[in-house]
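The figures that follow rest on heavy atoms only: side chains count, while hydrogens, waters and symmetry mates do not.
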Amino acid sequence: MTHPPLPPFYRLVARDRVASTNEEARRLAEAGAGEGTLVWAKEQNAGRGRRGRTWSSPPGNLYASLLLRPRCAPSTAAQLGFVTGLALALAIEPMLPPAARPAELKWPNDLLLRGKKAAGILLEASAAADRRLDWLIVGVGVNVLSFPSDTPYAATSLRAEGASGDAAQVLAAFAHWFHRWHERWRRQGFAPVRRAWSQRARGLGAPIVVRLEEETLEGRFADLDDGGCLTLELAGGGRRRVSAGDVFYPGV
Ligand code: BTN
C-alpha cells in the first residue's frame, strides 16, 4: 500500500490484514518496540471496540494503533484519549464539505458527523511495577468509505458525508495533528487539550443520558474534569463524576 508521509516521531508498521491493530501493537510493545510505533492495517478480522464490543473492519476504512510510553499514572494517561479525539477532528474537518462541519466529539472518545458516529478510539494500557505506565496503545478506527448498519447508535462514514480522502490521507493528517497536540500536552498539561476538546464537545451544557453498566443517569453535562471524567448535574439534584459509560442525547 502507499505509505502516508509521517512526522519523524512515528515508525510505521503497515499490514494488509491483522486480527486487531491494538493486539499487534500490544505484541510489539511487549517485545520492546519504542514510542511512536504506529500499526496500520487495511482490514481487521477481530477489531475490537470499547466495553467489549466488536469493531466492524472491512477494507477501505482506517484501522491504526499507536504505541506510547508515557511515564505517568494510568489516570493521567486517560487524557490522551482526548488528545486523540481532538487530533481526529482536526484531521477530518478540512476534508468535509461545509454542510457536514464541524466534526464534533462525544464523551469520552467518539467522533460525530451530523450527530452520527464516524470514528472511535480504544485505549489499552499496561502498568509497570511502580504503577506508572509501561505502555499505552491508542487505537483509532475511522469509517472512511463505509459504516456498519447494525450498531446501537447512528453511524456514518466520511464518504457518506461527502468528504474527500482515503484511509492513508486520514492517517497522515491524524498523525500530524496528534503529534502537535501530544507535544502540547507534554509541555502544558491537560488544560489546553480540555479547552479545545470542550469547544467541540456535543451536548456540553445540555441534558444528556448516561448509561452505565448497572444504571442509567439523567442530567446536564456540566463539565469535562481534569481526569477526563464527565461531570453530570443530576436531574434530581447533586453532581456525579462518571469515568466510563455511554452517552445519549435526548430526542435523537
Ligand atoms: C469504539 O468506539 O468502541 C472504539 C473503536 C476502536 C476501533 C479501533 S480500529 C483500530 C484499533 N484496533 C482495534 O481492534 N480497535 C481499534
Side-chain angles (χ1 to χ4, degrees), residues 47-56 61 74-90 92-93 96 99-125 138-143 146-158 160-161 190 193-252:
R48 47 192 196 232
R50 285 175 54 234
R51 310 184 84 198
R53 294 188 271 248
T54 57
W55 186 258
S56 158
N61 293 340
S75 53
T76 307
Q79 296 172 355
L80 286 165
F82 299 91
V83 173
T84 307
L86 185 57
L88 276 177
L90 291 165
I92 288 168
E93 198 162 80
L96 297 169
R101 293 182 198 157
E104 292 183 300
L105 296 166
K106 178 182 168 194
W107 185 88
N109 286 154
D110 291 346
L111 181 131
L112 304 180
L113 300 177
R114 285 194 268 218
K116 298 176 185 172
K117 178 162 170 170
I121 298 166
L122 178 65
L123 299 185
E124 294 179 311
V138 176
V140 299
V142 182
N143 299 334
S146 65
F147 60 91
S149 55
D150 56 351
T151 47
Y153 47 80
T156 190
S157 66
L158 304 197
E161 298 302 327
F190 190 46
V193 176
R194 183 177 166 216
R195 260 195 313 276
W197 189 93
S198 298
Q199 278 165 8
R200 293 180 172 272
R202 189 173 177 97
L204 190 59
I208 55 168
V209 174
V210 187
R211 214 169 277 164
L212 313 180
E213 287 296 345
E214 307 259 313
E215 60 181 323
T216 298
L217 304 172
E218 286 182 33
R220 193 180 74 91
F221 180 2
D223 190 23
L224 172 73
D225 81 4
D226 281 353
C229 291
L230 178 155
T231 309
L232 195 66
E233 271 173 15
L234 296 170
R239 283 164 91 90
R240 177 102 172 243
R241 282 177 61 218
V242 180
S243 60
D246 285 320
V247 168
F248 295 86
Y249 305 104
V252 176

Under the side chain to side chain donor-acceptor pair (under 3.5 Å) rule, collect the residues that match up with [X], sequence neighbours excluded.
X: T156; result: E161
X: E124; result: N22, R48
X: R211; result: none

Apply side chain to side chain contact (heavy atoms under 4.5 Å, CB included) to [X] and list each qualifying residue two or more places apart in sequence or on a separate chain.
X: E214; answer: none
X: T151; answer: P148, Y153, A155
X: S198; answer: R194, L204, L224
X: A78; answer: none

Results of salt bridge (Lys or Arg N to Asp or Glu O under 4.0 Å) for [X] - residues two or more places apart only:
X: R101; answer: none
X: K117; answer: D110
X: R53; answer: D246
X: E233; answer: R220, R239

Q. What pairs meet the side-chain hydrogen bond (donor to acceptor under 3.5 Å, both in side chains) rule with one or both residues in residues 76-90, with sequence neighbours excluded?
A.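 Listed by first then second residue: Q79-W185.
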Q) When you look at NZ of K106, are more than 12 heavy atoms from neighbouring residues, nucleotides or ligands closer to it than 6.0 Å? A)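 Yes, enclosed.
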